[in-house]
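Below is one structure, written out as structure tokens, with a few remarks after it.
All values below come from the heavy atoms of this structure, side chains included, with hydrogens, waters and symmetry mates left out.
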Amino acid sequence: MVIEGIWGGLYKICVWVMRITYLNILWILFTLLGLCLFGFMPASIALFTVIRKWLLQDTDIPIFNTFFQSFKQDFLKTNLFALIILFIGAILYVDLQYVGSIVESAFYAPLLGLLFLAGILYLLFILYIGPVFVHYDLRFGQYIKYAIMIGITQLHFSLMMIVLLSALYYLTMKFPGIFPFLSISCGGFIIMWSANMAFNALLRTKEKVAGTLKTSKEIKETS
């Protein structure tokens with residue numbers, strides 16, 4: 001039976017709230033299953049995999065099976081990305097400590113500027129690596145290159161992503177009770193939705209970036 005009108009709208013909202021809540025709980029459970037350190041990245045990639053299918057109108061997928069298959073299949077590869085993220089973050093932290101110790105030096109300003117630029121690239125890498133990984137079929141090193149390149153060339157979408165994530169962070173701090181139910185999956189939805197618009201924009205202007213991005217043949221099958 002098809003429910004129409006206002007009740008049909010409320011029913012659809014409830015269905016989506018349940019889906020997002022279920023996905024959020026799966027992310028928490030599988031992150032804990034990987035002892036947090038080894039579960040965070042695979043669970044995040046699995047979350048992006050499910051959300052991407054939703055954005056492609058494949059809303060009737062079995063959420064648990066899709067999530068679990070992605071978590072299991074990409075466990076090692078995604079943990080390599082996690083190690084890279086941690087390694088680069090550690091380097092930037094050490095560099096920041098060093099720059100902070102030479103405030104009186106003539107090299108302070110240029111080094112701080114370079115460190116600020118590196119921090120922006122690092123942030124873009126973190127935001128886009130998940131969506132790029134689930135959207136494109138690339139060699140390992142290319143995922144890093146594409147994540148940064150798309151983040152820079154589609155800066156307006158990157159800024160929109162950051163603003164929306166900041167708003168979500170504010171709401172989570174204001175209402176911490178939503179964390180176990182909505183915050184992670186909503187954050188993933190914001191990132192994947194913004195990144196998907198960036199991907200579509202690149203496809204519309206692929207002549208301008210010829211030789212940088214491959215054709216749409218490299219995009220993974222949605223099935």
Side-chain angles (χ1 to χ4, degrees), residues 15-90 122-148 150-151 161 165 168 172 178-196 198-199 213-214 216-223:
V15 168
W16 275 107
V17 169
M18 286 190 295
R19 285 173 176 166
I20 292 173
T21 301
Y22 181 43
L23 187 59
N24 203 92
I25 293 172
L26 284 178
W27 182 89
I28 294 173
L29 291 177
F30 277 82
T31 298
L32 294 174
L33 182 65
L35 303 178
C36 294
L37 179 62
F38 299 108
F40 176 84
M41 197 65 179
S44 298
I45 294 299
L47 179 138
F48 286 128
T49 299
V50 173
I51 293 174
R52 177 178 180 268
K53 290 183 179 293
W54 286 346
L55 291 173
L56 294 175
Q57 306 303 315
D58 193 1
T59 55
D60 294 325
I61 57 168
I63 297 175
F64 179 84
N65 289 341
T66 304
F67 190 100
F68 179 68
Q69 286 300 319
S70 175
F71 182 89
K72 180 177 64 174
Q73 177 181 333
D74 300 318
F75 187 84
L76 293 178
K77 186 180 291 187
T78 53
N79 269 305
L80 285 177
F81 285 127
L83 289 175
I84 291 173
I85 290 172
L86 289 174
F87 179 71
I88 296 175
Y122 179 63
L123 176 61
L124 293 176
F125 167 54
I126 292 175
L127 290 175
Y128 278 91
I129 188 61
V132 167
F133 183 82
V134 301
H135 192 73
Y136 292 101
D137 188 11
L138 305 167
R139 293 191 299 273
F140 185 83
Q142 288 181 307
Y143 287 114
I144 301 173
K145 171 186 173 183
Y146 277 34
I148 296 174
I150 294 173
M161 187 188 299
L165 287 173
L168 178 63
T172 302
I178 70 173
F179 177 82
F181 305 105
L182 297 172
S183 59
I184 299 299
S185 51
C186 285
F189 197 95
I190 288 171
I191 293 173
M192 193 68 230
W193 176 68
S194 303
N196 193 58
F199 301 152
L213 286 177
K214 295 182 180 179
S216 59
K217 289 183 180 180
E218 67 187 1
I219 296 179
K220 295 179 179 178
E221 293 295 331
T222 60
S223 59

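When the side-chain contact (heavy atoms from CB on, under 4.5 Å) test is applied to Phe64, the partners found at least two apart in sequence or on another chain are Tyr22, Leu26, Phe30, Phe68. For Tyr122, there are no ring-ring contact (aromatic ring centres under 6.0 Å, His included) partners, not counting sequence neighbours. Under the side-chain hydrogen bond (donor to acceptor under 3.5 Å, both in side chains) criterion, Ser44 pairs with Trp27, sequence neighbours left out. Ser70 meets the side-chain hydrogen bond (donor to acceptor under 3.5 Å, both in side chains) test with Thr49; sequence neighbours excluded. Applying the side-chain hydrogen bond (donor to acceptor under 3.5 Å, both in side chains) criterion to Asn24, with sequence neighbours excluded, gives Ser185. Applying the side-chain contact (heavy atoms from CB on, under 4.5 Å) criterion to Ile61, with sequence neighbours excluded, gives Val50, Lys53, Trp54, Asp58, Thr66. Judged as a side-chain contact (heavy atoms from CB on, under 4.5 Å), and not counting sequence neighbours, the contacts of Leu168 are Thr172, Cys186, Ile190. Under the ring-ring contact (aromatic ring centres under 6.0 Å, His included) criterion, Phe189 pairs with no residue at all, not counting sequence neighbours.
Ring planes of Phe133 and Tyr143: tilted class, angle from 30 to 60°.
Side-chain contact between Ile129 and Ile84 is absent, with no heavy atoms from C-beta onward closer than 4.5 Å. At least one side-chain heavy atom of Ile191 sits less than 4.5 Å from a side-chain heavy atom of Met161. The shortest distance between side-chain heavy atoms of Met41 and Ile85 falls below 4.5 Å. Inter-residue side-chain proximity for Tyr146 and Tyr128 is flagged as unmet; no heavy-atom pair is nearer than 4.5 Å.
One finds the CG atom of Leu33 at 8.0 Å from the CZ atom of Phe75 (value rounded to the nearest 0.5 Å). Between the OG atom in Ser194 and the CG atom in Leu165 there is a gap of 7.0 Å [rounded to 0.5 Å]. Distance CG/Leu47 to CZ/Phe71: 12.5 Å, rounded to 0.5 Å. Annotation: the span from Ile126 atom CD1 to Ile148 atom CD1 amounts to 10.5 Å, rounded to 0.5 Å. Atom CD1 of residue Ile184 and atom CD1 of residue Ile25 lie 12.5 Å apart, to the nearest 0.5 angstrom.
Among pairs with a residue in residues 77-89, none fulfils side chain to side chain donor-acceptor pair (under 3.5 Å), at least two apart in sequence or across chains.
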For this session: Please assess Thr59 against Val15 for the test side chain to side chain contact (heavy atoms under 4.5 Å, CB included), listing each intermediate value before the final yes or no.
Result: CA-CA 11 Å; Thr59 55; Val15 168; over 6 Å; no
Exercise. How far apart are the C-alpha atoms of Ile51 and Leu23, what are their side-chain angles, what is the distance that settles it, and do they pass the side chain to side chain contact (heavy atoms under 4.5 Å, CB included) test?
Worked result: CA-CA 9 Å; Ile51 293 174; Leu23 187 59; 3.7 Å; yes
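Considering every non-hydrogen atom in both Ile150 and Ala198, the closest pair reads CG2-CB, 4.1 Å. Closest non-hydrogen pair, Phe48 versus Gly188, comes out as CE2-O, 3.5 Å. Val134 and Met192 get closest at one heavy-atom pair: CG2-SD, 3.9 Å.
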